[in-house]
Asks: 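Have a look at this one.
Residues take their numbers from the sequence shown, with the count starting at 1.
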Amino acid sequence: MLARSAFPAFFFTLAGFLLFLLTTLSVPIIKTIYMLKIKYPGGATAANVGVFGICYKGNTVTFNGVTVTGASQCTSTEVGYTLNVALFGLGGWTTGQVVIESLAGSLIMNAIAAGFAGISFLFAFFAWVFSSRTLEVILFVTLFLSALFGWIAYWINLGFVLTARSRVWSYSNNVFSGHIGNAFWMTFGGAIALTIAICLAGCGSFGRYSEESTKNRRDAEITPVTEEKHSKHHFWQRKHEQPVSPASATVPLAANPPPPPPPPNAAATGPTGAY
């Protein structure tokens, strides 16, 4: 199999798909992957914000002689949510929304990008395994859509984390701090991987895919031309061509026929009238 040109596109498509899938499965599904981390002044984690919810760590810290205790819990998995500031365990905090519900709902674009990347991954896999140029062309089209939704998800995530981080500082009077999480950088890497896969799929469409099919196609192109070359006659050769009868074609004529047998000798015929 000479489908080496299809493997790089398959590799980067797989990488982009996994990165967007892990981002989609962030908090509250996978607790170690989050879009934004909110910390206490002492550096302990107060909450992790993900695509479909929030997990409050429930740490107990002391700063400036004040002990702050928070209950550990996670919200249910849902599209669009708000951050309940009371669960941070700090009284007197303003009741303003740290996470805008409509902006949190737009994080669903990460799941859409992961879905399109998954479809592209299937086409990339079959294009590599079956050495198919047609599947490679289809892969190029699906990767374009995957990368498009991937970059849209990245810019939405950027607006989400910057807005939430700013509001954490503002609404807590600089008591809590917000930090960009690893899920944000996963979407950035996934969008780049899908973009690279588009270029590789476009280049791979012109590569070699099967040694046997290439040989058969080359033979099909050369054989008719060879036969036509051998059967071609010039016009001056056609003038000297003579029709050949079936008899002459099957029984060749002798150039010098044998002489006829001599007549019988008179002496050999018997007694004559002399007797």
Side-chain angles (χ1 to χ4, degrees), residues 9-38 45 47-57 73-84 97-127 135 138-165 167-168 178-201:
F10 163 75
F11 176 79
F12 282 96
T13 303
L14 174 62
F17 167 64
L18 291 178
L19 288 173
F20 274 104
L21 179 62
L22 291 175
T23 301
T24 303
L25 298 177
S26 60
V27 170
I29 301 174
I30 301 178
K31 306 300 189 297
T32 56
I33 302 176
Y34 47 87
M35 196 70 65
L36 181 72
K37 178 185 289 290
I38 301 176
T45 300
N48 290 330
V49 181
V51 173
F52 295 117
I54 306 172
C55 280
Y56 304 93
K57 301 297 291 184
Q73 60 177 305
C74 293
T75 62
S76 59
T77 303
E78 58 182 347
V79 178
Y81 54 87
T82 57
L83 192 151
N84 188 356
Q97 289 185 353
V98 174
V99 175
I100 302 176
E101 184 176 1
S102 59
L103 190 57
S106 62
L107 295 178
I108 190 65
M109 186 59 66
N110 292 279
I112 296 175
F116 275 92
I119 296 174
S120 299
F121 165 70
L122 292 178
F123 282 110
F125 176 75
F126 289 119
L135 291 176
I138 298 176
L139 170 64
F140 177 81
V141 177
T142 58
L143 277 174
F144 178 80
L145 297 176
S146 301
L148 176 62
F149 287 112
W151 283 111
I152 293 175
Y154 166 74
W155 290 111
I156 290 176
N157 295 341
L158 179 62
F160 173 81
V161 296
L162 292 181
T163 302
R165 186 178 66 172
R167 291 191 172 208
V168 166
H179 304 271
I180 297 177
N182 49 16
F184 171 78
W185 299 113
M186 286 183 180
T187 57
F188 181 64
I192 292 179
L194 292 176
T195 303
I196 296 175
I198 291 178
C199 301
L200 294 175

Asks: Taking C-beta and beyond as the side chain, do Leu36 and Arg165 meet within less than 4.5 Å on heavy atoms?
Replies: yes
Asks: How many angstroms lie between atom CG of Leu22 and atom CD1 of Ile30, to the nearest 0.5 angstrom?
Replies: 5.5 Å
Asks: Show the nearest heavy-atom pair for residues Leu103 and Ser106, with the distance to one decimal.
Replies: O-OG, 2.5 Å
Asks: Is there a side chain to side chain contact (heavy atoms under 4.5 Å, CB included) between Val49 and Tyr81 once you walk through the steps?
Replies: CA-CA 10 Å; Val49 181; Tyr81 54 87; 3.1 Å; yes
Asks: To the nearest 0.5 Å, tell me how far Leu158 CG sits from Thr187 OG1.
Replies: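 Separation between the atoms: 9.0 Å.
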Asks: Excluding sequence neighbours, so at least two apart, what forms side chain to side chain contact (heavy atoms under 4.5 Å, CB included) with Leu19?
Replies: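 With neighbours one apart ignored, the set is Met186.
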Asks: For Phe116, which residues count as a ring pair (Phe, Tyr, Trp, His ring centres under 6.0 Å) partner, sequence neighbours excluded?
Replies: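 Once residues adjacent in sequence are excluded, the partners of Phe116 under the ring pair (Phe, Tyr, Trp, His ring centres under 6.0 Å) criterion are Phe149.
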Asks: Nearest heavy-atom pair of Val27 and Tyr34: which atoms, and what distance?
Replies: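 So the minimum-distance heavy-atom pair works out to CG2-CB, 3.9 Å.
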Asks: Which atom pair, heavy atoms only, marks the closest approach of Thr24 to Ala114?
Replies: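 In terms of heavy atoms, the two residues are closest at OG1-CB, 3.9 Å.
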Asks: Can you list the residues that meet the side chain to side chain contact (heavy atoms under 4.5 Å, CB included) rule with Val79, with sequence neighbours excluded?
Replies: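 Checked Val79 against side chain to side chain contact (heavy atoms under 4.5 Å, CB included); matches are Phe52, Ile108.
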Asks: Side-chain contact test, heavy atoms from C-beta onward, threshold under 4.5 Å: evaluate it for Phe11 versus Leu200 and give yes or no.
Replies: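 Answer no - side chains too far apart.
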Asks: Measure the shortest side-chain to side-chain distance between Phe121 and Leu18 over non-hydrogen atoms and say whether it is less than 4.5 angstrom.
Replies: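 Phe121 vs Leu18: side chains apart.
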Asks: Quick check for you: to the nearest 0.5 Å, what is the distance between Ile119 atom CD1 and Thr142 atom OG1?
Replies: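 Reported to 0.5 Å precision, the distance equals 8.0 Å.
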Asks: Measure the spacing between CG of Leu21 and CG of Leu14 and express it to the nearest 0.5 Å.
Replies: 10.5 Å
Asks: How far does CD1 of Ile156 sit from CZ of Phe160, to the nearest 0.5 angstrom?
Replies: 11.5 Å
Asks: Can you give me the closest heavy-atom contact between Lys31 and Asn48, atom names plus distance?
Replies: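 In terms of heavy atoms, the two residues are closest at O-ND2, 4.0 Å.
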Asks: Of all heavy-atom pairs between Leu143 and Ala197, which one has the smallest distance, and what is that distance?
Replies: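 Nearest heavy atoms, Leu143 then Ala197: CD1-O, 3.4 Å.
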Asks: What residues, two or more places apart in sequence or in another chain, satisfy side chain to side chain contact (heavy atoms under 4.5 Å, CB included) together with Val51?
Replies: Thr23, Ser26, Met35, Leu107, Asn110
Asks: Would you compute the distance between atom CZ of Phe20 and atom CG of Leu25 and round it to the nearest 0.5 angstrom?
Replies: 13.5 Å
Asks: Return the minimal non-hydrogen interatomic distance between Ser146 and Ser120, and the atom names on each side.
Replies: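 Reported closest heavy-atom pair: OG-OG, 2.8 Å.
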Asks: Show your working on side chain to side chain contact (heavy atoms under 4.5 Å, CB included) between Phe123 and Val141 and close with a plain yes or no.
Replies: CA-CA 10 Å; Phe123 282 110; Val141 177; over 6 Å; no
Asks: Tell me every residue that passes side chain to side chain contact (heavy atoms under 4.5 Å, CB included) with Thr75, counting only those two or more places apart in sequence or in another chain.
Replies: Ile54, Tyr56
Asks: Checking Tyr154 now: which residues fulfil ring pair (Phe, Tyr, Trp, His ring centres under 6.0 Å) with it, not counting sequence neighbours?
Replies: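 Counting only residues at least two positions away or on another chain, Tyr154 forms a ring pair (Phe, Tyr, Trp, His ring centres under 6.0 Å) with Trp151, Phe184, Phe188.
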Asks: Please lay out, stage by stage, how Leu194 and Phe12 fare under the test side chain to side chain contact (heavy atoms under 4.5 Å, CB included).
Replies: CA-CA 6 Å; Leu194 292 176; Phe12 282 96; over 6 Å; no
